[in-house]
Colleague: 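The following block contains the structure, expressed as structure tokens.
Throughout, protein chains are lettered first and strands after them, A, B, ... in sequence-line order, and every chain is numbered starting at 1.
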There are 2 protein chains.
Amino acid sequence: MAEPIPIRQTAHRIPVQTIGRLSLYRRLLLELSAGGMRQIYSHQLASAAVATPAQVRRDLMMIGFTGSPRKGYAVDELIAAVNGVLAQSVETSVALVGVGNLGRAILAYYTNRQPWVRFVAAFDRDPDKANRIIHGCRVYPFEQAEEVLGREGIRAAVIAVPAAEAQRVADRLALAGVRSFLNFAPVRLHLPTGAFVDDMDMSTALDRVAYYARQQRQT
Amino acid sequence: MAEPIPIRQTAHRIPVQTIGRLSLYRRLLLELSAGGMRQIYSHQLASAAVATPAQVRRDLMMIGFTGSPRKGYAVDELIAAVNGVLAQSVETSVALVGVGNLGRAILAYYTNRQPWVRFVAAFDRDPDKANRIIHGCRVYPFEQAEEVLGREGIRAAVIAVPAAEAQRVADRLALAGVRSFLNFAPVRLHLPTGAFVDDMDMSTALDRVAYYARQQRQT
DNA sequence: CTCACATTGTGAATCCATTCACAGATAGGT
DNA sequence: ACCTATCTGTGAATGGATTCACAATGTGAG
Ligand SMILES: NC(=O)c1ccc[n+]([C@@H]2O[C@H](COP(=O)([O-])OP(=O)(O)OC[C@H]3O[C@@H](n4cnc5c(N)ncnc54)[C@H](O)[C@@H]3O)[C@@H](O)[C@H]2O)c1
Ligand SMILES: NC(=O)c1ccc[n+]([C@@H]2O[C@H](COP(=O)([O-])OP(=O)(O)OC[C@H]3O[C@@H](n4cnc5c(N)ncnc54)[C@H](O)[C@@H]3O)[C@@H](O)[C@H]2O)c1
């Protein structure tokens with residue numbers, strides 16, 4: 001019993017899809033753990049996540065987590081193992097750029113939720129929004145971006161400015177050391193290789209949903 | 001010159017990814033067309049969409065659109081062709097369930113934008129929000145869902161209610177004839193086969209972004 | 001203590017989007 | 001009118017995630 005968190009190897013490259021599912025598994029497991037569940041089978045977790053049991057086992061294999069035949073996986077140990085991979089024991093500082101309708105909804109939502117990511121600074125070029133505290137997050141004028149990002153050691157940012165501004169904003173953030181972006185603007189960002197971008201393109205999503213409302217198919 | 005919109009076959013099944021990119025291409029092309037561009041090469045469109053030229057040509061092949069060597073693709077004809085596939089000449093009626101922070105941001109944004117999808121009804125169980133008009137969209141109490149969805153012939157919906165309510169809401173919408181969902185709640189929905197779900201899971205996206213802020217890799 | 005069998009861990013097979021690579025086509029130059 | 005450079009259209013190759021399928025495991029029943 002020397003190993004509190006049974007991880008074997010995190011050596012190989014974990015696919016992005018797996019990272020996403022691990023986030024989902026953790027959320028589901030936290031809920032189940034709070035409800036008193038101590039052990040879980042791959043098929044149970046799969047059902048909750050709308051995936052296949054083989055998929056779940058493969059994902060856990062990627063992070064080197066091991067269960068036991070007939071008993072399944074220990075819920076709390078699995079949560080700890082996922083924590084070990086996703087949030088390497090430290091909380092991640094995130095910046096928000098663009099405190100508009102969407103930006104404010106995001107700040108409101110992530111205050112006191114998901115404690116492993118924290119919005120430590122927001123930026124807006126509108127003087128009415130800058131130099132205030134919104135939902136517990138200090139809003140700076142965008143001119144101070146470099147200074148604040150450097151001071152706080154921020155390497156991840158959420159972009160919620162209008163489409164026409166997004167590339168300009170991204171360029172400046174990238175220069176200031178941000179390497180990972182969550183982009184809500186309906187454009188694709190050109191960034192130096194090595195940077196990571198996750199596009200949350202609601203307009204495209206709406207078009208897909210509208211398309212399949214007429215078709216019969218399924219994802 | 002007898003063919004206004006050169007489409008050959010839409011017979012085969014178009015991958016979801018292609019549908020998504022077509023939406024993006026259309027958005028980019030509308031901008032470029034407004035800027036006066038009449039012809040475009042696959043490598044130019046690819047660059048704007050952050051994709052490869054082969055990808056663009058393959059996508060256009062999927063919808064049977066044809067260009068010409070040395071001249072490339074006719075911008076306005078291509079827009080028309082994409083319109084023909086994505087929004088089959090009719091505008092799609094969409095419902096929104098959950099008029100909270102996120103729901104209101106969405107309604108505000110899609111008023112007078114993307115005219116091929118229209119939010120024709122919103123629902124909320126909070127009596128303070130029901131029976132009002134928010135950003136041009138009538139908000140109904142959720143009890144009237146079946147009646148309104150039927151009357152308006154709505155087959156697509158955006159779910160923006162708290163996670164704990166999402167499955168319940170989805171079940172009821174599905175029974176009322178909705179077959180295509182854009183889900184913002186951080187849970188996976190269980191729906192009858194044949195239904196389409198697009199998850200916009202910001203929490204998972206944030207976790208991915210936080211993860212890659214530490215790693216070096218790229219998607 | 002032994003046995004039976006549901007479940008895990010994983011190599012191999014499969015599937016499917018993406019990329020390669022090139023034959024075919026054509027606009028523009030001479 | 002012909003030639004050339006360059007782009008399109010697409011069959012074939014690639015690559016990587018997912019699924020299959022089964023041997024190994026160890027728990028819980030008797
Ligand atoms: N609201 C939605 O539901 C929704 C839906 C789909 C896409 N989006 C996208 O999300 C982004 C934000 O949408 P929104 O509705 O919040 O817009 P918004 O207009 O309400 O807010 C934009 C904010 O960005 C600020 N801003 C503009 N340029 C800036 C710059 N260069 N630097 C810093 N701040 C700047 C503005 O002052 C404003 O506060 C847009 O790209 C939009 O296309 C939003
Ligand atoms: N706001 C964000 O930035 C954000 C980020 C990530 C995820 N989400 C998800 O999006 C969803 C909405 O978020 P929000 O911030 O707008 O929440 P919110 O609490 O501001 O709004 C939720 C709305 O849904 C209504 N509602 C609740 N139960 C309902 C039911 N059964 N039928 C009809 N209406 C009902 C409530 O009255 C409220 O108006 C949530 O699932 C949340 O997890 C939001």
Side-chain angles (χ1 to χ4, degrees), chain A residues 1 6-25 37-75 77-78 81 188 204 208 217-219, chain B residues 1 3 6-25 29 37-75 77-78 81 188 204 208 217-219:
Chain A
M1 297 288 172
I7 292 188
R8 283 204 297 233
Q9 2 76 15
T10 316
H12 32 267
R13 186 136 283 87
I14 302 175
V16 202
Q17 291 94 325
T18 294
I19 296 296
R21 281 189 301 269
L22 288 172
S23 162
L24 173 61
Y25 297 158
M37 182 175 259
R38 319 304 308 277
Q39 296 284 134
I40 193 166
Y41 297 126
S42 61
H43 68 262
Q44 297 177 296
L45 188 47
S47 162
V50 188
T52 64
Q55 177 83 83
V56 169
R57 295 203 297 277
R58 177 70 63 186
D59 286 338
L60 301 195
M61 195 181 114
M62 298 299 289
I63 65 170
F65 188 82
T66 251
S68 108
R70 303 276 322 208
K71 280 205 313 179
Y73 302 95
V75 172
E77 287 186 8
L78 180 46
R188 301 293 312 272
T204 285
R208 274 198 301 257
R217 253 199 69 247
Q218 143 88 337
T219 304
Chain B
M1 299 287 171
E3 293 179 46
I7 292 188
R8 284 204 296 234
Q9 1 78 14
T10 317
H12 30 267
R13 186 136 282 89
I14 302 175
V16 201
Q17 291 94 325
T18 294
I19 295 295
R21 281 189 300 269
L22 288 173
S23 162
L24 172 62
Y25 297 159
L29 290 167
M37 183 175 259
R38 320 302 310 274
Q39 296 285 134
I40 193 168
Y41 296 125
S42 62
H43 68 264
Q44 296 177 296
L45 187 48
S47 162
V50 188
T52 63
Q55 178 81 85
V56 169
R57 294 202 298 276
R58 176 70 61 187
D59 287 337
L60 301 195
M61 195 181 113
M62 298 299 288
I63 65 170
F65 187 82
T66 252
S68 108
R70 304 275 323 207
K71 280 206 312 182
Y73 302 95
V75 172
E77 288 185 7
L78 179 48
R188 300 293 312 269
T204 285
R208 274 197 302 257
R217 252 198 70 248
Q218 142 88 335
T219 305

Colleague: I'd like to know if A:Arg57 reaches the base of C:dG9 with its side chain such that a donor and an acceptor end up less than 3.5 angstrom apart.
Modeller: yes

Colleague: Indicate whether OP1 or OP2 belonging to D:dG9 is found under 4.0 Å from a side-chain N or O atom of B:Tyr73.
Modeller: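 Result: yes.
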
Colleague: Which nucleotide in the list C:dT19, D:dG9, C:dG9 gets nearest to the side chain of B:Gln55?
Modeller: C:dT19

Colleague: Please examine the side chains of B:Ser68 and B:Gln39, heavy atoms only from C-beta on, and report whether any two atoms are closer than 4.5 Å.
Modeller: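 No, side chains not in contact.
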
Colleague: With a 4.5 Å heavy-atom cut-off, do B:Leu60 and B:Arg57 have their side chains touching?
Modeller: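 No, their side chains stay 4.5 Å or more apart.
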
Colleague: Answer yes or no: side-chain N or O of B:Arg58 and base N or O of C:dT19 forming a donor-acceptor pair under 3.5 Å.
Modeller: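 Indeed there is one.
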
Colleague: Kindly indicate whether the side chain of B:Arg70 and the base of D:dA5 share any N or O donor-acceptor pair separated by less than 3.5 Å?
Modeller: yes

Colleague: For the side chain of A:Ala54, starting at C-beta, report the closest nucleotide among D:dC20, D:dT25, C:dA17.
Modeller: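 Minimum distance to the A:Ala54 side chain belongs to D:dC20.
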
Colleague: Does B:Ser68 place a side-chain N or O at less than 4.0 Å from the phosphate oxygens OP1/OP2 of D:dT8?
Modeller: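 It does not, given that no N or O in the side chain of B:Ser68 lies less than 4.0 Å from OP1 or OP2 of D:dT8.
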
Colleague: Counting distance only, does the side-chain N/O of B:Tyr25 pair as donor-acceptor with the main-chain N or O of B:Gly20 below 3.5 Å?
Modeller: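 No: the side chain of B:Tyr25 does not pair with the backbone of B:Gly20.
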
Colleague: Check every strand shown and say whether A:Thr18 touches a base, only sugar-phosphate, or nothing at a heavy-atom separation below 4.0 Å.
Modeller: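 Contact class for A:Thr18: none.
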
Colleague: For A:Thr66 and C:dG9, is the shortest distance between a side-chain N/O and OP1 or OP2 below 4.0 Å?
Modeller: yes

